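Below is one structure, written out as structure tokens; comments come after it.
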Amino acid sequence: MLSAVREKWKTLVEEQLALYAKSVMGIEEPLAPLAVQIPPKPELGDIAFPLFAYAKVLRSAPPLLAQQLKTQIEKLDDRPSGDLLVAGPYLNVRIDIASLATSLSEVVGRERERYGTNATLSDKRVMIEFSCPNTNKPLHLGHMRNDSLGESVAAILKANGAMVRKVNLINNRGVHICKSMLAYQKFGNHETPDSTGIKGDHLVGNYYVKFAAWAKEDPTAEEQAQEMLRKWEAGDPETIALWELMNGWTLDGLAQSYAKMGISFDAYYYESQTYRYGKDEILKGLENGVFYRQEDGSVWVDLESIKLDKKVLLRKDGTSLYMTQDVGTAIMRHKDWPFDSLIYVVASEQQYHFKVLFHVLGLLGYEWAKDLHHLSYGMVNLPEGKMKSREGTVVDADELVDTLTSLARAEIKEKEREELVDDVEKTSQSIALGALNYYLLQVTPTKDMIFNPKESISFNGNTGPYLQYMGARISSMLRKYEAEYAEVAKLGFDSSLLTLFDERELIKQIALYPEVVAKAGAEYDPSLLCTYLYDLSKLFSRWYHDNPVLKAATPALVRSRIELASMVLQVLKNAFSLIGVPFLASM
RNA sequence: GCGCUCGUAGCUCAGCUGGAUAGAGCGCCGGACUUCGAAUCCGUAGGUCGAAGGUUCGAAUCCUUCCGGGCGCACCA
């Protein structure tokens, strides 16, 4: 919306600049492209064209040039509505806000929940892998950043028109799983989630911790775990049975956590099924000469061409490695669902792995290797430093959600809103989720972030609940409007009545939304939406605080301000759905 | 040691990919509810943008060096 207005002006100014260059200076060559910016202060206008770049070529000081262009353009009969102003070396435009508001109201009214979406990626098939938990312990804070990002980026890509397939790869084999199993065999006394009332993933996690304690005392523990892995790989019925039992518990627990956190997948892959894949592919590469075999029989790739060292791809006994398996899994996925791109949401510590993986797939001749993308996100640390499982500082996901939920519940109670809220429990959970997702997504994904437990449970300031609160207030006002202002509702929307400074800013911000969705999609960056939403909410909040809506001076003004508030609400709803913040009509 | 990455207010983060006086939240201090929801709003204080050079009309942003954090550099996943 806003970009269309900007483009119109840009084209015009560029044309006039070229005209000036030709008629005054006799310059026919194309000039440098015109930069378009947003003035630092709204008083300076809505669009800015810096003219520094033309000073030399046109032999004119930028402020003078700005003045000349202004005069020149103002002579045109069919220029877009809006005003030009010269601010030093900038030629600025104050757009015609009433006409923008009118078309905005049409578009938002027509598109509703689709307002802001675009077709940039239409017909593109995008697969996105995220979460990928181990089955030996419950989810923690690190997973939550991963899950929030995965869900959000998936939603954002859909809003950009893509067909999205969310996939999860369950890490359900390996020596770490055997450790939990072994500890359970030794100390478990046949207890179960049912018998103890402990959620399955937590129960299994407890045994993983017990193993660590035991291994400190008994130096043979690690060895025994390795032995169990061998039995598992050999298909020993007793080991397999225990593995199935305990994996079932964990997966049950994880499913509950996912449900509570609003996370879902279109397909699950299990490492126990994929870990043998990739071997044939590596051997094919060996035949084609892109890999080589060492004397001991292991297969390697030389990564000198991408300035890395050598990397082993198959052990001397012919068994797979992490890399081998990921090669196989990628190929299998492309067969399952031929994608135009595949995004791996994985922590930044694995950058090296993905660099190698993509390169190896390229060497194997898969031309889609260039369509693979590692969405690398930073670590989540605590104010005291890194989370360490040994020191018990790992933040458990279920616990965190529960804490936030009960805090939200307490807040509802304290404000005596229990009767006014549909479902206190559900609302509390939605507030908790909104707080958490917003907290985790507001930081640029690639950066490390610090999770401050105290701050994360705050519902004031730049938080998810703050945004939800704006939605609830507007909803509340609209309910009243629909019930008591039937006569006003018959009036038409008169955008010329929205003349306040904050109203201008709100209209512009609403019009900006589609661009933010596009950018967030292009950069896989939900934090852009967070920043945008906070700006919008803050603007709205100030405007709403300072200006009566339902009690505005005239019915026509009531009608116009209601229109503005409704548009804000629509954008809030639409954007919330892209960052995992549940919309609440009351809270 | 090599590679990647980050360093902006006391703390947590923005800063539109090189432009105008570097912005928010939290915290501190001080204001605003007989009026549409105070989970709100308004104001004060707080900065040599890690340091030094360089490129440029113009640098938090690009280049070089240095300092300081984080993460990698497994026949673990």
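Just so it is clear, the model here is predicted, and its values are computed rather than measured. Labels below follow one simple rule: chain letters A, B, ... track the order of the sequence lines, proteins then strands, and each chain is numbered from 1.
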Just to confirm, is there a sub-4.0 Å distance from OP1 or OP2 of [N] to any side-chain nitrogen or oxygen of [X]?
| X | N | value |
| --- | --- | --- |
| K386(A) | C71(B) | yes |
| K447(A) | A14(B) | yes |
| T444(A) | A14(B) | yes |

Which part of the nucleic acid does [X] contact within heavy-atom distance under 4.0 Å: base, sugar-phosphate only, or nothing?
| X | result |
| --- | --- |
| P62(A) | nothing |
| D448(A) | sugar-phosphate |
| K56(A) | sugar-phosphate |
| E523(A) | base |
| N134(A) | nothing |
| A87(A) | base |
| Q37(A) | base |
| I450(A) | sugar-phosphate |

Name the closest nucleotide to the [X] side chain, picking from [options].
| X | options | value |
| --- | --- | --- |
| N92(A) | G25(B), A20(B), G72(B) | A20(B) |
| W300(A) | A77(B), C75(B), A14(B) | C75(B) |
| M379(A) | C71(B), G25(B), A77(B) | C71(B) |
| A48(A) | C57(B), A20(B), A14(B) | A20(B) |

Any side-chain heavy atom of I47(A) within less than 4.5 Å of one from I95(A)?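 A side-chain contact under 4.5 Å exists here.
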Within the structure provided, determine whether L169(A) and T274(A) are in side-chain contact (heavy-atom separation under 4.5 Å).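 Yes, their side chains come closer than 4.5 Å.
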Tell me whether C33(B) sits syn or anti, counting syn as a glycosidic angle within 90° of 0.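 Syn conformation for C33(B).
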Check the chi torsion on U5(B) and let me know: syn if it falls within 90° of 0, anti if not.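 U5(B): anti.
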side-chain hydrogen bond (donor to acceptor under 3.5 Å, both in side chains) evaluation trace for N146(A) with Y377(A): CA-CA 8 Å; N146(A) 183 304; Y377(A) 63 91; 3.1 Å; yes
Using whole Å, what does the distance between atom [atom2] of nucleotide [N] and atom [atom1] of [X] come to?
| X | N | atom1 | atom2 | value |
| --- | --- | --- | --- | --- |
| E349(A) | A74(B) | CD | C1' | 14 Å |
| K179(A) | A77(B) | NZ | C1' | 11 Å |
| L357(A) | C76(B) | CG | P | 17 Å |
| E222(A) | C76(B) | CD | C1' | 11 Å |
| E505(A) | G23(B) | CD | C1' | 15 Å |
| L303(A) | G72(B) | CG | P | 19 Å |
| R145(A) | G70(B) | CZ | C1' | 13 Å |
| H353(A) | C4(B) | NE2 | C1' | 16 Å |

For [N] versus [M], give the span between their [atom1] atoms, rounded off to a whole number of Å.
| N | M | atom1 | value |
| --- | --- | --- | --- |
| G18(B) | G58(B) | C1' | 8 Å |
| U64(B) | U21(B) | C1' | 30 Å |
| C62(B) | C6(B) | P | 9 Å |
| A60(B) | G15(B) | C1' | 8 Å |
| U8(B) | G70(B) | P | 15 Å |
| A38(B) | G31(B) | C1' | 14 Å |
| A24(B) | C67(B) | P | 36 Å |
| C16(B) | A22(B) | C1' | 14 Å |

Could you walk me through whether F358(A) and H373(A) satisfy the ring pair (Phe, Tyr, Trp, His ring centres under 6.0 Å) test, starting with their C-alpha distance in whole Å, then the side-chain angles of each, then the deciding distance to 0.1 Å, before giving a yes or no? CA-CA 8 Å; F358(A) 300 164; H373(A) 189 265; 8.0 Å; no
Starting at the 5' end of RNA chain B and moving along, which residue's nearest nucleotide shows up first, K311(A) or L44(A)?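 Its nearest nucleotide lies further toward 5', so the answer is L44(A).
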Residue met sooner reading RNA chain B from 5', once R315(A) and D309(A) are mapped to nucleotides: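 With R315(A) and D309(A) compared, the 5'-side residue is D309(A).
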Here's one to test your reading of the geometry: is the NZ or CZ of [X] within 45 degrees of the ring axis of [Y] and under 6.0 Å from its centre?
| X | Y | result |
| --- | --- | --- |
| R333(A) | Y269(A) | yes |
| K179(A) | Y208(A) | no |
| R173(A) | Y275(A) | yes |

With sugar-phosphate taken as primed atoms, P, OP1 and OP2 and all else as base, the protein-contact string of nucleotides 31-41 of chain B at under 4.0 Å (heavy atoms; B, S, -) is ----SBBSBSS
Measure the spacing between OH of Y344(A) and SG of C132(A) and express it to the nearest 0.5 Å.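 One finds 9.5 Å between OH of Y344(A) and SG of C132(A).
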Here RNA chain B, pairs taken as Watson-Crick or G-U under 3.5 Å and shown with ( ), [ ] when crossing and | when to another strand, reads (((((((..((((.....[...))))..((((.......))))......(((((..]....))))))))))))....
Examine the side chains of [X] and [Y] and answer whether a donor and an acceptor come within less than 3.5 Å of each other.
| X | Y | answer |
| --- | --- | --- |
| H176(A) | N171(A) | no |
| D201(A) | T250(A) | no |
| N460(A) | Y466(A) | no |
| N247(A) | T135(A) | yes |

After noting the C-alpha distance and the side-chain angles of W543(A) and S541(A), does the key distance pass the side-chain hydrogen bond (donor to acceptor under 3.5 Å, both in side chains) rule? CA-CA 5 Å; W543(A) 172 74; S541(A) 194; over 6 Å; no
